[in-house]
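All heavy atoms count here, side chains included; hydrogens, waters and symmetry mates do not.
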Amino acid sequence: MVEGISGDDGNLYRLFLSTENQESRSIEGAFAFYFKYKFRLHDDVNEVSHIYPYINERVIAIKQSNFDWDNDGIIRIISPSKNGERMAISGDDNWATSTHEITQDDINSSLDIQMIKNKQADIRNNNVVIYLENQYGELLPFYSIPIGGIPKYKYSIGIKPKAPIR
C-alpha cells in the first residue's frame, strides 16, 4: 500500500519494501525497478540524483525523455564508453528528448544517469519525469541499485614512448 504524505495531490510519498504488513522490515538483497520515474530533485545543490538502466545486447541506442526539468542543472551519462555525455533537458512544463548511441563497451552493464542541479539557481521542490526507450520504442527499466555495480568510464591515456637518445 502506498499513501501520499504531502503535495497538492498527495503525490509525494515514501515507499519501503518490507516482509511485514505493518512494520518496516528490510528484505535483504531486494531492489526495485521502474519504467517512468516521477520524482522530486533534491533541494540541496550538492546532491546528485542517479538512475541506473541496464543495457542488454539488444540495445544499440537509447532515447531519453524528460518533462518539467525547469533547466535545473544537467543530466549526464557515465558508462564504460561515456564520460559525462549530456542529455537534453526540458524547461518549465515541457518535454525534451535526446538520442544516445550505445557502444559495445556499454553492453551488459548499467548506465549511471546523473541529474546534477544548477548550483547558481535556487530551484526548490522541482518535480520531474524521465523515461528511456530503446531503438524499438520499448521502455527500459531503471534500477534502484546498478546491476553489476556503478559503471566506470574506461579511459585510455595516449602515451607514446620517448624516442631513444642516440
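- The residue from N108, N134, I102 that alone fulfils the side-chain contact (heavy atoms from CB on, under 4.5 Å) condition with I55 is I102.
- The two residues S98 and A88 have their closest heavy-atom pair at OG-N, 3.1 Å.
- Between the side chain of D70 and the backbone N or O of D72 there is no donor-acceptor pair closer than 3.5 Å.
- Smallest separation of non-hydrogen atoms from S110 and Y54: OG-CD1, 3.9 Å.
- Inter-residue side-chain proximity for E85 and H100 is flagged as met; some heavy-atom pair is nearer than 4.5 Å.
- Between S79 and S109 there is no side-chain heavy-atom pair separated by less than 4.5 Å.
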Test N46 against K119 for side chain to side chain donor-acceptor pair (under 3.5 Å), laying out the working first. CA-CA 8 Å; N46 296 311; K119 292 188 184 284; 2.9 Å; yes
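- A distance of 10.0 Å separates CD in Q104 from CD in E57, rounded to the nearest 0.5 Å.
- A heavy-atom distance below 4.5 Å is not found between the side chains of M115 and I89.
- Partners of N66 according to the side-chain hydrogen bond (donor to acceptor under 3.5 Å, both in side chains) rule, which considers only residues two or more places apart in sequence or in another chain, are Q64, S90.
- Note that the CG atom of D106 and the NZ atom of K154 stand 8.5 Å from one another [nearest 0.5 Å].
- Two different hydrophobic clusters hold V48 and V45 under the rule that ILVMFWY side chains link at heavy-atom gaps under 4.5 Å.
- Taken to the nearest 0.5 Å, the NZ atom of K82 stands 9.5 Å off from the CD1 atom of I113.
- Using modelled atom types, no side-chain atom of D68 and backbone atom of D92 make a donor-acceptor pair closer than 3.5 Å.
- A donor-acceptor pair under 3.5 Å links the side-chain atoms of N126 to the main chain of W69, judged by distance alone.
- Using a 4.5 Å cut-off between side-chain heavy atoms of Ile, Leu, Val, Met, Phe, Trp and Tyr, with links allowed through other members, L132 and Y52 fall into different hydrophobic clusters.
- A distance of 8.5 Å separates CD in E101 from CD1 in I60, rounded to the nearest 0.5 Å.
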I51 vs D112, side chain to side chain contact (heavy atoms under 4.5 Å, CB included): CA-CA, chis, key distance, verdict: CA-CA 6 Å; I51 56 175; D112 181 3; over 6 Å; no
Run the side chain to side chain contact (heavy atoms under 4.5 Å, CB included) test on F142 and L140 for me, step by step, so that the C-alpha distance in whole Å, both residues' side-chain angles and the decisive distance to 0.1 Å come before the verdict. CA-CA 7 Å; F142 341 120; L140 294 177; 5.6 Å; no
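- Linking ILVMFWY side-chain heavy atoms closer than 4.5 Å, directly or via other members, places I78 and I150 in two distinct hydrophobic clusters.
- Under a hydrophobic-cluster definition in which Ile, Leu, Val, Met, Phe, Trp and Tyr are linked whenever side-chain heavy atoms come within less than 4.5 Å, directly or via other members, I116 and F39 are assigned to different clusters.
- Q135 places a side-chain N or O within 3.5 Å of a backbone atom of R58 that can act as its donor or acceptor partner.
- Between atom CZ of residue R86 and atom CZ of residue R76 there is a gap of 8.5 Å, rounded to the nearest 0.5 Å.
- Checked by atom type and distance alone, the side chain of K117 pairs as donor or acceptor with a backbone atom of I123 at under 3.5 Å.
- Summarising the geometry, atom NE2 belonging to H42 is positioned 4.0 Å from atom OG belonging to S49; distances are rounded to the nearest 0.5 Å.
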K38 vs V128, test: side chain to side chain contact (heavy atoms under 4.5 Å, CB included). Steps then yes/no. CA-CA 6 Å; K38 179 179 180 184; V128 300; over 6 Å; no
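- Of all heavy-atom pairs between T99 and A61, the closest is CG2-CB, 4.3 Å.
- L41 and Y37 fall within a single hydrophobic cluster, where Ile, Leu, Val, Met, Phe, Trp and Tyr are joined by side-chain heavy atoms under 4.5 Å apart, directly or via other members.
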